[in-house]
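Below, chains carry the letters A, B, ... as their sequence lines are ordered, and counting in each starts from 1.
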Amino acid sequence: MAIFLFNTLTRRKEEFVPREEGRVAMYVCGPTTYNYIHLGNARPLVFFDTVRRYFAYRNYAVTFIQNFTDVDDKIINRAREEGEDPLALAGRYVREYFHDARELGVRPADLHPLVSDHMAEIVDMVGRLVKKGHAYEVEGDVLFSVRSFEDYGKLSGRSVDELLSGARVGIDPKKRDPLDFALWKAAKPGEPAWDSPWGQGRPGWHIECSAMSLKYLGEGFDIHGGGSDLIFPHHENEVAQSEAATGKAFARYWMHNGFITVNQEKMSKSLGNFFLVRDLLGRFPGDVLRFFLLSTHYRSPLDFDLEVTESCSRGLVRLKNSMGLLYEALDDRAPAGGPGDSGGELDSFRREFETAMDDDFNTAAAISVLFDLAHAVNTFLHEHRGCRFGPGEQAFLHGAGELFHCMNEVLGIFPVDESGRIIVRQSCADSDSEHLLALLLDVREKARGRKDWATADHVRNGLKDIGITLEDTPDGVRWKRRSPD
RNA sequence: GGCGGCAUAGCCAAGUGGCUAAGGCAGAGGACUGCAAAUCCUCCAUUCCCCAGUUCGAAUCUGGGUGCCGCCUCCA
């Protein structure tokens, strides 16, 4: 089956046909690094990470580029406030970005280019646009002439005249047309600046993505993504300047995620209603946040709400419990790593999963398959309590585990350990605690043996207070501890 | 003002013409258990914002209405 995705350019769901068979080249706009990322920034990170993983699952060789904007007004202003060098500040938040991204299960892109490392490419591209008559220089600024590019507005679906009628465009005497935008900005004193044929200056916001995506992915690369607030003007301008410069089609598919809202309003820095991922991680583990972000289709708005996030957390516990039971059964009663089952129910789960993901990356539907599989595993184990597993049953269990791992490899919801297993529970902080806990559990077991329920319950309640839950089973006690970090 | 999106149970959320409207959370009852926890079983939307229409048949298509949101300015 082919993968279908919604292309902003055509406003339709289209079959994905790569530029080069078996390969996907994708570019996603990364953050401007002047602060920690907030949840709104996290949505495209998690989503496009999932897209990239799914292409890999479908055996595409993926080249995934995500830039950092490390030269920008906001960075300069912030640096001035903090008395720090702008590039140093930006570099610091790039490092912080990777910390948060890792917690969210987001893998590093193949390349994370920085604007500050690509001045030559940017200057070169601006020069080409000037030479071709698509841009003009005024007092050290270089502006792109919107009217010189016939298709301007094709991505956002608006004409130049429609955009003008919005009348929110400020009047700038330097601009020949109010919609013209800066490719290169003349340096002001005290700002980072680079040499160019138009004097010292720095790039406008949009040109960096054109220059870097074309450098690493080439003309007509497959997918360009980002938040829907980037459609206009950022991506529209990228299309204009790139296609004007090369004369070739820029990106073939444009994908845009919807916003995170708070009380139904867009989460944004200007409204001040944003939640930093860093702060949220103190309250929820990264896997819960990732699950929350993937629990709604990426193009729909997603309202952030603590209670909803809490319910996601409980759902995740259910899945982890199921995997924990499966691992126990595998270890105790089906240790041989024989071939997994590849028939019947498991196959249909896999098909459902693929159908969901093929249909414009419907992660919400894909996640439901995880629950269906967990339920099937639970029911199976319930029905085979205390039974010895035959070869067919062992194959089913191994197959279920493999399938779960495959789906998790795409969705990335559960952290896995070195052996590739989903981390179902936390271990003790140190070996002393481990021994103490074992001793305590032994004492409790002996108390239970003589029906001393008061002592047994006292131990259980006491452990619960420090976050350890006990579950008595016919085969002995099982303990769990789950808390953020 | 221009353009676009959304409205499904207490909450979150799939589903875009046709079998019983996925799944999760919460809730109710039952099994298991010393009691719990976990797990299993059963129940929980005759109905998809409202009205009109198309159709043998619509949550799904068309028209109208209501409500909410976004973009047009930095923003993921």
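Per the geometry, NE2 belonging to A:His235 stands 13 Å off P belonging to B:C72, to the nearest Å. Here B:C69 presents its P atom at 17 Å from CD1 of A:Ile260, a figure rounded to the nearest Å. Between the CG atom of A:Leu271 and the P atom of B:A76 there is a distance of 13 Å, given to the nearest Å. Rounded to whole Å, the distance from CZ on A:Phe380 to C1' on B:C41 is 18 Å. Atom CZ in A:Phe361 sits roughly 21 Å away from atom P in B:A13 (whole-Å rounding). Protein atom CG of A:Leu302 is 14 Å distant from nucleotide atom C1' of B:C69, rounded to whole Å. With rounding to whole Å, A:Phe6 atom CZ is found 14 Å from B:U16 atom C1'. Straight-line distance from the CD atom of A:Glu265 to the P atom of B:C71: 10 Å, rounded to whole Å.
Ionic pairing of A:Arg92 and A:Glu84 is present here: one or more N-O contacts between side-chain nitrogen and carboxylate oxygen are shorter than 4.0 angstrom. Ion pairing between A:Arg351 and A:Glu354 fails under the 4.0 Å rule for side-chain N and carboxylate O. In summary, A:Arg283 and A:Asp279 do not engage in a salt bridge, as defined by a charged side-chain N under 4.0 Å from a carboxylate O. Comment: A:Glu236 does not engage A:Arg158 in a salt bridge, judged by the lack of any side-chain N to carboxylate O separation of less than 4.0 angstrom. Between A:Lys13 and A:Asp359 there is a salt bridge, since at least one side-chain N of the basic residue sits less than 4.0 Å from a carboxylate O of the acidic one.
A:Asn257 comes within 4.0 angstrom of a nucleotide base, judged by non-hydrogen atoms across all strands. Nucleic acid contact class of A:Gly40 (heavy atoms, under 4.0 Å, all strands): base. Counting any heavy atom pair closer than 4.0 Å across all strands shown, A:Lys266 reaches a base atom. Counting any heavy atom pair closer than 4.0 Å across all strands shown, A:His297 reaches sugar-phosphate atoms only and no base atom. Among the protein residues, A:Ser295 comes within range of the sugar-phosphate backbone only, with heavy atoms under 4.0 Å from sugar or phosphate atoms but none that close to a base. Nucleic acid contact for A:Leu39: none, since no nucleic acid atom lies under 4.0 Å from a heavy atom of the residue. Looking at heavy-atom distances under 4.0 Å, A:Gly324 makes no contact with the nucleic acid at all. Within the 4.0 angstrom heavy-atom criterion, no nucleotide atom of any strand lies near A:Phe292.
Side chain of A:Val308, nearest nucleotide from B:A38, B:G34, B:C12: B:C12. Nearest to the side-chain atoms of A:His38 among the listed nucleotides B:U39, B:A76, B:G15 stands B:A76. Of the listed nucleotides (B:U39, B:G70, B:A14), B:U39 has the atom at the smallest distance from the side chain of A:Asn321.
Side chains of A:Asp360 and A:Tyr298: a donor-acceptor N/O pair is present below 3.5 angstrom, by distance only.
Both A:Ser228 and A:Ala376 sit near RNA chain B, but only A:Ala376 has its closest nucleotide nearer the 5' end.
We find the CZ-CE distance between A:Arg421 and A:Met323 to be 8.5 Å, quoted to the nearest 0.5 Å. Atom CG in A:Leu111 sits 10.0 Å away from atom OH in A:Tyr27 (nearest 0.5 Å).
For the P atoms, the distance from B:G57 to B:G18 is 14 Å, rounded to whole Å. Here the separation of B:U8 from B:G4, taken at their P atoms, is 23 Å to the nearest Å. Comparing B:C49 with B:C69, their C1' atoms are spaced 15 Å from each other, to the whole Å. Rounded to the nearest Å, the gap between the C1' atom of B:C41 and that of B:U46 is 25 Å. Look at the C1' atom in both B:U60 and B:A21: the space between them is 11 Å, to the nearest Å. Taking atom C1' on both B:U47 and B:A7, the two are 15 Å apart, rounded to the nearest angstrom. Nucleotides B:U66 and B:G24 place their P atoms 38 Å apart, quoted to the nearest Å. Look at the P atom in both B:C44 and B:G10: the space between them is 14 Å, to the nearest Å.
Between A:Phe250 and A:Phe221, the gap from one ring centroid to the other is short of 6.0 Å. You'll find the ring centres of A:His206 and A:Phe144 outside the 6.0 Å limit.
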Write out a two-atom table: protein N or O, nucleotide N or O from nucleotides 35-37 of chain B, distance below 3.5 Å.
| from | atom 1 | to | atom 2 | distance (Å) |
| --- | --- | --- | --- | --- |
| B:C35 | O2 | A:Arg460 | NH2 | 2.4 |
| B:C35 | N3 | A:Arg460 | NH1 | 2.8 |
| B:C35 | N3 | A:Arg460 | NH2 | 3.2 |
| B:C35 | N4 | A:Asp472 | OD2 | 3.2 |
| B:A36 | N6 | A:Asp472 | O | 3.0 |
| B:A36 | N1 | A:Asp472 | N | 2.8 |
| B:A36 | N3 | A:Arg460 | NH1 | 2.9 |
| B:A37 | O2' | A:Glu471 | OE2 | 3.4 |
| B:A37 | N1 | A:Asp472 | O | 3.4 |

Got a list of protein N/O to nucleotides 2-10 of chain B N/O distances below 3.5 Å?
| from | atom 1 | to | atom 2 | distance (Å) |
| --- | --- | --- | --- | --- |
| B:G2 | N2 | A:Arg158 | NH1 | 3.2 |

Fill in: Reading 5' to 3' through nucleotides 19-32 of chain B, protein heavy-atom contacts under 4.0 Å coded B for base, S for sugar-phosphate only, - for none
---BSSSS------
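A cation-pi arrangement is present between A:Lys266 and A:Phe259 under the rule of less than 6.0 angstrom and at most 45 degrees off the ring axis.
When both pairing distances are held under 3.5 Å, B:C68 makes a Watson-Crick or G-U pair with B:G5. Summarising the base pairing, B:A28 is matched to B:U42 through a Watson-Crick or G-U wobble pair whose two defining distances lie under 3.5 Å. With a cut-off of 3.5 Å on both pairing distances, the Watson-Crick or G-U wobble partner of B:C56 is B:G18. Under the Watson-Crick or G-U wobble criterion, with both distances below 3.5 Å, B:G63 is paired with B:C51.
The phosphate of B:A38 has neither OP1 nor OP2 within less than 4.0 Å of any side-chain N or O from A:Asn378. Considering only side-chain N and O atoms, A:Thr379 lies under 4.0 angstrom from the phosphate OP1 or OP2 of B:C41.
Listed by chain and residue number, A:Asp70, A:Val71, A:Leu87, A:Leu114, A:Trp194 satisfy the side chain to side chain contact (heavy atoms under 4.5 Å, CB included) test with A:Ser116 (two or more places apart in sequence, or in another chain). By the side chain to side chain contact (heavy atoms under 4.5 Å, CB included) test, A:Val443 pairs with no residue at all, sequence neighbours left out.
Here the shortest heavy-atom pairing between A:Leu346 and A:Phe396 reads CD1-O, 3.6 Å. Summarising the geometry of A:Asp72 relative to A:Thr69, their closest heavy-atom pair is CB-CG2, 3.9 Å, with the distance given to 0.1 Å. Smallest separation of non-hydrogen atoms from A:Pro301 and A:Thr296: O-CG2, 4.0 Å.
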Discussion item. Please determine whether ring-ring contact (aromatic ring centres under 6.0 Å, His included) holds for the pair A:Phe55 and A:Phe16, giving the CA-CA distance in whole Å, both sets of side-chain angles, and the decisive distance to 0.1 Å.
Written reply: CA-CA 11 Å; A:Phe55 276 120; A:Phe16 175 74; 5.0 Å; yes
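Contacts between residues 67-78 of chain A and RNA chain B, counted as heavy-atom distances below 4.0 Å, involve A:Lys74.
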